[in-house]
Structures are given as structure tokens and as C-alpha cells.
Peer 1: 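Next up is a structure, given as C-alpha cells.
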Amino acid sequence: MQNIYGITLEKLEKYFIDKNDKKFKATQVFEWVYKKRVNSFDDMKNVSKETINELKEDFYFEKLEIVKKLEDVDVIKYLFKLKDGNTIEAVLMNHDYGLSICISTQVGCNMGCKFCESGRRKKVRNLEVYEMVTQILMVESDINKRLSHIVLMGIGEPFDNYDNVIDFIDIVNSGKGIDIGSRHITVSTCGIVPKIKKFTNFDKQVNLAISLHAPNNEIRSSIMNINKVYPIEDIIEAVKEYIAKTNRRVTFEYIMLKGVNDTVECAIELSQLLKGLNAYVNLIPYNETSHIEYKKSSKDTIMKFFDVLKRNGIQVTIRREFGSKVNAACGQLRSHYEEV
Ligand code: SAH
């Protein structure tokens with residue numbers, strides 16, 4: 001038995017073909033699930049009784065449980081409980097360009113970034129495809145609106161759950177599925193170089209964001225364990241290949257940590273590192289969390305850093321901060337709920 005929300009259209013077509021049945025039935029089922037949003041096979045009006053009975057033997061409908069919801073101006077943070085009792089988070093943000101959701105890809109994370117609450121808790125397991133897809137469906141049904149953008153920047157490292165993430169993107173992007181444009185989907189990675197290379201050959205025009213957070217290996221290795229395996233020069237080389245092959249602009253995320261990576265020297269070094277790349281830097285005001293000692297840089301420091309990048313010809317933006325009630329860093333809601 002498989003959760004219906006975990007299967008791509010192509011795999012569902014194969015399911016029917018393997019049964020010597022008609023491939024188009026997969027499209028019918030997909031449209032009932034994602035366009036009409038039915039919650040049972042019995043509601044699929046143009047599907048034969050026989051097929052419905054077969055589907056019932058192999059698939060079931062099950063979503064997640066919303067256990068907590070925190071709301072503030074333009075943002076709602078959701079805590080979901082999974083079937084095995086683990087919890088994950090998703091954050092809905094109301095931007096001027098549309099409704100965007102930040103979803104989780106794993107329970108916990110093994111990348112060990114020192115500033116990150118999700119990484120403080122080790123990885124328990126990868127999320128199944130349906131556990132990512134239903135984060136979208138449940139939020140859409142909760143607010144009774146369709147989302148326009150997805151970022152894979154919640155709990156977990158998407159490239160440490162590569163195959164499931166690719167299937168997830170397939171389902172949400174499919175015109176017969178949730179139908180969110182590939183240019184409106186962003187995958188964020190801490191820099192797993194072999195997977196960046198693999199992603200370069202992925203046939204959808206999905207955005208790539210790299211959590212850089214430092215202009216050199218010394219600082220980066222002191223805050224991100226992954227840098228000891230894949231240092232900055234390897235990341236830049238992989239990003240160059242990605243840009244050459246896809247012609248797409250890459251985002252570098254850069255958390256501003258007080259006294260760690262936020263000096264003018266760092267900004268100059270970062271400008272030199274990224275000069276000439278089709279990329280832009282997204283400066284992220286750090287969300288402080290009670291378990292971790294890092295502090296956020298002041299607004300003034302962030303502005304100075306921004307100005308240096310600008311003056312050096314680097315495209316740069318500063319990430320908007322959302323309401324203070326839910327300002328908690330990603331992973332904090334889960335920690336608070338589980339009291340660890
Ligand atoms: N593992 C992936 C995606 C999840 S983290 C990655 O590393 O990109 C999403 C982004 O949030 C990353 O850039 C991460 O470094 C950043 N982040 C983690 N903790 C944060 C915090 N407390 N405040 C602000 N950003 C944070």
C-alpha cells in the first residue's frame with residue numbers, strides 16, 4: 001500500500017501500464033487528487049468501479065495532522081505531526097509577489113551548521129514524498145487559497161533526500177498536479193557538491209540557492225561542518241558549471257552573524273569571490289534561538305555590508321523579516337513543542 005500523494009504522474013502511468021491498463025487513467029486520477037482535491041477514490045466520478053477497487057488495494061489517502069499554528073502579520077507557521085509521531089514545520093509567507101511556503105524535507109538534519117536549530121537536533125529520517133506534498137495541500141486547504149511559490153528551506157537538507165525531493169518537485173510542478181511553475185520553486189542546499197552537479201542535469205527550471213554564509217573556508221568551516229567535506233572552491237566550481245549548463249542565476253544565502261562573518265573585510269572578500277558570476281546574494285538577518293549563542297548583526301552592520309557588495313557590482317538583497325511572534329528560527333517551534 002502506498003500513499004496516493006507520494007506517486008508522480010509518470011510512476012502512476014507505469015502502474016497502469018504494468019497492469020496492461022490504459023495510461024490516461026493516471027491523468028484522470030491525478031486530476032481528481034490535485035485539481036478537484038477529492039479525498040477518496042469513490043469520489044472519482046469518471047473512473048470505473050473496477051479501477052477504483054484496484055486503486056483501493058494499492059493506494060490510500062492520508063495527510064498530516066496540524067498540531068499547532070502560529071499567526072502574525074503576513075505569516076503563519078504550521079507544526080505538523082507525522083504518522084510516526086515526529087513533527088516538522090512549514091511557514092506560509094504573504095509576499096507582495098504572492099503566497100510562498102517554506103517546507104521541511106527531513107525530520108532533523110545531519111549537516112551540523114552551528115547556528116541552526118534544525119541541525120542542533122540530529123536527523124531522524126528523510127521525509128517521504130507524500131509528507132512534502134501534503135504540507136502544500138494542507139496549508140492550501142487551511143487558508144482556502146492556492147500558493148504561488150515554494151522554497152525548500154525548512155527543516156532538513158533537500159540534497160540529503162535527493163530522490164524524494166525530485167519526485168516532490170515533479171508532483172507540485174506538474175500541470176496535471178499542483179501546477180506551481182518551476183521558476184517559482186527554490187531548492188536551498190548547504191553545498192553538497194555531487195548533488196549540485198546532479199541537479200545541474202535536472203530537466204526542470206527550478207531555482208538553486210546555496211547557503212554560503214562566509215567568504216572563506218576558515219570562517220565557513222567554523223560555522224558549517226559540511227565545508228570540511230566540500231570547501232568553497234568546490235562549490236564555486238560546481239555553481240559555475242550549473243550556470244553554464246542551465247543559464248540560470250544562482251542565489252547565495254548569507255546569514256549575518258554578529259562578529260563572525262559580518263565585517264567590511266568579509267564583504268570585500270565575498271565580492272571578490274562572486275565577481276562575474278550570474279548570481280545574487282541574499283543577506284539574511286539571523287533569527288536568534290535560545291539554545292545557540294550566535295547573535296544577529298545590527299541593522300547598521302547589515303546595511304554597510306550591503307553597500308560594499310553593491311559598490312563592488314554584486315547584486316544583493318536583504319531578506320524581509322516576518323512578525324515577531326513567529327520569528328522563531330526554523331526548527332524552534334518543533335523544539336518548543338517537544339521540549340528539547
Ligand atoms: N539545508 C538547506 C535548507 C534548509 S536551511 C540549506 O542549508 O540551505 C534554510 C536556510 O535557513 C539556510 O540558508 C540556513 O542556513 C538558514 N538558517 C538556518 N538557521 C537560521 C537562523 N536561525 N536564522 C536565519 N537563517 C537560518
Side-chain angles (χ1 to χ4, degrees), residues 74-75 91 93 95-97 100 102 111-119 151 153 186 188-191 207-227 230-240 242-243 248-289 292-324 327-332:
D74 285 341
V75 57
V91 184
M93 289 158 287
H95 288 281
D96 47 10
Y97 53 78
S100 165
C102 173
M111 299 302 122
C113 300
K114 302 229 164 72
F115 47 80
C116 179
E117 178 64 19
S118 303
V151 295
M153 294 186 186
T186 303
S188 176
T189 178
C190 63
N207 302 306
L208 176 65
I210 309 271
S211 294
L212 191 62
H213 305 330
N216 60 49
N217 285 323
E218 195 190 334
I219 299 178
R220 196 164 192 268
S221 291
S222 75
I223 54 177
M224 297 175 75
N225 286 339
I226 192 75
N227 197 62
Y230 305 116
I232 290 184
E233 55 278 13
D234 292 7
I235 293 177
I236 297 294
E237 187 204 297
V239 165
K240 279 185 180 157
Y242 173 90
I243 294 170
R248 299 192 58 70
R249 188 170 70 155
V250 168
T251 305
F252 286 102
E253 295 160 272
Y254 196 102
I255 297 183
M256 297 293 287
L257 298 166
K258 187 175 188 173
V260 176
N261 63 356
D262 63 352
T263 60
V264 167
E265 291 74 53
C266 284
I268 293 169
E269 206 176 349
L270 185 64
S271 308
Q272 283 157 357
L273 182 71
L274 304 182
K275 193 127 216 121
L277 273 186
N278 182 19
Y280 82 98
V281 176
N282 192 205
L283 297 178
I284 308 175
Y286 181 57
N287 259 323
E288 293 176 7
T289 136
I292 299 173
E293 79 274 22
Y294 291 109
K295 296 282 171 232
K296 67 195 295 182
S297 307
S298 70
K299 287 220 162 64
D300 193 45
T301 306
I302 297 178
M303 278 322 295
K304 278 206 183 97
F305 201 95
F306 176 93
D307 286 340
V308 173
L309 292 182
K310 264 254 133 86
R311 258 189 281 126
N312 283 287
I314 304 293
Q315 296 182 61
V316 53
T317 53
I318 300 175
R319 181 174 293 173
R320 174 181 163 197
E321 287 179 277
F322 283 89
S324 57
N327 201 4
C330 176
Q332 264 201 316

Peer 1: To the nearest 0.5 Å, how far apart are NZ in Lys296 and CD1 in Ile302?
Peer 2: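 Rounded to the nearest 0.5 Å, the NZ-CD1 separation comes out at 7.0 Å.
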Peer 1: Are the side chain of Arg220 and the backbone N or O of Leu212 linked by a donor-acceptor pair below 3.5 Å?
Peer 2: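 At least one qualifying donor-acceptor pair exists.
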Peer 1: According to side-chain hydrogen bond (donor to acceptor under 3.5 Å, both in side chains), does anything in residues 264-275 pair up with another residue at least two apart or in another chain? List the pairs.
Peer 2: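 Residue pairs passing side-chain hydrogen bond (donor to acceptor under 3.5 Å, both in side chains), neighbours aside: Asn216-Glu269.
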Peer 1: Under the side chain to side chain contact (heavy atoms under 4.5 Å, CB included) criterion, do Phe322 and His95 qualify, and how do the steps go?
Peer 2: CA-CA 10 Å; Phe322 283 89; His95 288 281; 3.6 Å; yes
Peer 1: Quick check: do Thr251 and Asn207 have side-chain heavy atoms less than 4.5 Å from each other?
Peer 2: no
Peer 1: Might you point out which heavy atoms bring Ile232 and Ala214 nearest each other, and give the distance in Å?
Peer 2: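 In terms of heavy atoms, the two residues are closest at CD1-O, 3.7 Å.
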Peer 1: Asp96: which residues meet the side-chain hydrogen bond (donor to acceptor under 3.5 Å, both in side chains) condition with it, sequence neighbours left out?
Peer 2: none
Peer 1: Does a sphere of radius 6.0 Å around NZ in Lys240 hold more than 12 heavy atoms from other residues, nucleotides or ligands, not counting ones at 6.0 Å or beyond?
Peer 2: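 Open.
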Peer 1: Measure the shortest side-chain to side-chain distance between Leu208 and Thr186 over non-hydrogen atoms and say whether it is less than 4.5 angstrom.
Peer 2: no
Peer 1: Is it true that atom CD of Glu218 has more than 12 heavy atoms of other residues, nucleotides or ligands lying nearer than 6.0 Å?
Peer 2: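 At most 12 heavy atoms, drawn from other residues, nucleotides or ligands, come within 6.0 Å of this atom.
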Peer 1: Under the side-chain hydrogen bond (donor to acceptor under 3.5 Å, both in side chains) rule, collect the residues that match up with Arg311, sequence neighbours excluded.
Peer 2: none
Peer 1: Report, one line per pair, each donor and acceptor closer than 3.5 Å where one atom sits in a side chain of residues 254-264; sequence neighbours left out.
Peer 2:
unit_1: Tyr254; atom_1: OH; unit_2: Asn261; atom_2: O; d: 2.6
unit_1: Asn261; atom_1: OD1; unit_2: Leu257; atom_2: N; d: 2.9
unit_1: Asn261; atom_1: ND2; unit_2: His213; atom_2: O; d: 2.8
unit_1: Asn261; atom_1: ND2; unit_2: Ile255; atom_2: O; d: 2.7
unit_1: Asp262; atom_1: OD1; unit_2: Gly259; atom_2: N; d: 3.1
unit_1: Asp262; atom_1: OD2; unit_2: Gly259; atom_2: N; d: 3.3
unit_1: Asp262; atom_1: OD2; unit_2: Ser297; atom_2: OG; d: 2.8
unit_1: Thr263; atom_1: OG1; unit_2: Cys266; atom_2: N; d: 3.1

Peer 1: So which atom in Tyr242 and which in Val250 form the shortest heavy-atom distance, rounded to 0.1 Å?
Peer 2: CD2-CG2, 3.5 Å
Peer 1: At their closest point, which heavy atom of Glu253 faces which heavy atom of Ser188, and how far apart are they?
Peer 2: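 Closest heavy-atom pair between Glu253 and Ser188: OE1-OG, 2.6 Å.
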Peer 1: With Asn278, which residues qualify under side-chain hydrogen bond (donor to acceptor under 3.5 Å, both in side chains), at least two apart?
Peer 2: none
Peer 1: Could you tell me if the side chain of Val91 sits less than 4.5 Å from the side chain of Met153, heavy atoms only?
Peer 2: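 No; the side chains remain at least 4.5 Å from each other.
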Peer 1: Do you see a donor-acceptor pair shorter than 3.5 Å between the side chains of Glu233 and Asn217?
Peer 2: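 Present: a donor and an acceptor within the cut-off.
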Peer 1: What are the two closest heavy atoms between Phe252 and Ala279, and how far apart are they?
Peer 2: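 Smallest interatomic distance, heavy atoms only, reads CE1-CB, 3.6 Å.
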Peer 1: Do Leu277 and Arg249 touch side chain to side chain, with heavy atoms closer than 4.5 Å?
Peer 2: no
Peer 1: From Leu273 CG over to Ile268 CD1, what is the distance, rounded to the nearest 0.5 angstrom?
Peer 2: 14.0 Å
Peer 1: If every non-hydrogen atom of Tyr286 is compared with every non-hydrogen atom of Ile292, which pair is closest and at what distance?
Peer 2: OH-CG2, 3.7 Å
Peer 1: Can you name the residues that form a side-chain hydrogen bond (donor to acceptor under 3.5 Å, both in side chains) with Thr301, not counting sequence neighbours?
Peer 2: Ser298
Peer 1: Decide yes or no on side chain to side chain contact (heavy atoms under 4.5 Å, CB included) for Ile210 and Thr189, but give the supporting numbers first.
Peer 2: CA-CA 5 Å; Ile210 309 271; Thr189 178; 3.9 Å; yes
Peer 1: Given the rule in the side chain to side chain contact (heavy atoms under 4.5 Å, CB included) test, do Lys114 and Asn225 qualify, once you have shown the distances and angles that lead to the verdict?
Peer 2: CA-CA 8 Å; Lys114 302 229 164 72; Asn225 286 339; 3.6 Å; yes
Peer 1: For Arg319 and Pro285, which heavy atoms make the closest approach, and how far apart are they?
Peer 2: O-CD, 3.5 Å
Peer 1: Using 0.5 Å steps for rounding, measure from the CG atom of Leu274 to the CG atom of Asn312.
Peer 2: 10.5 Å
Peer 1: Between atom SG of Cys190 and atom CE of Met111, what is the distance when rounded to the nearest 0.5 Å?
Peer 2: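 Nearest 0.5 Å value for the SG-CE distance: 5.5 Å.
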Peer 1: Hey, what do you get for CG (Asn282) to OG1 (Thr317), rounding to the nearest 0.5 Å?
Peer 2: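 Answer rounded to 0.5 Å: 4.0 Å.
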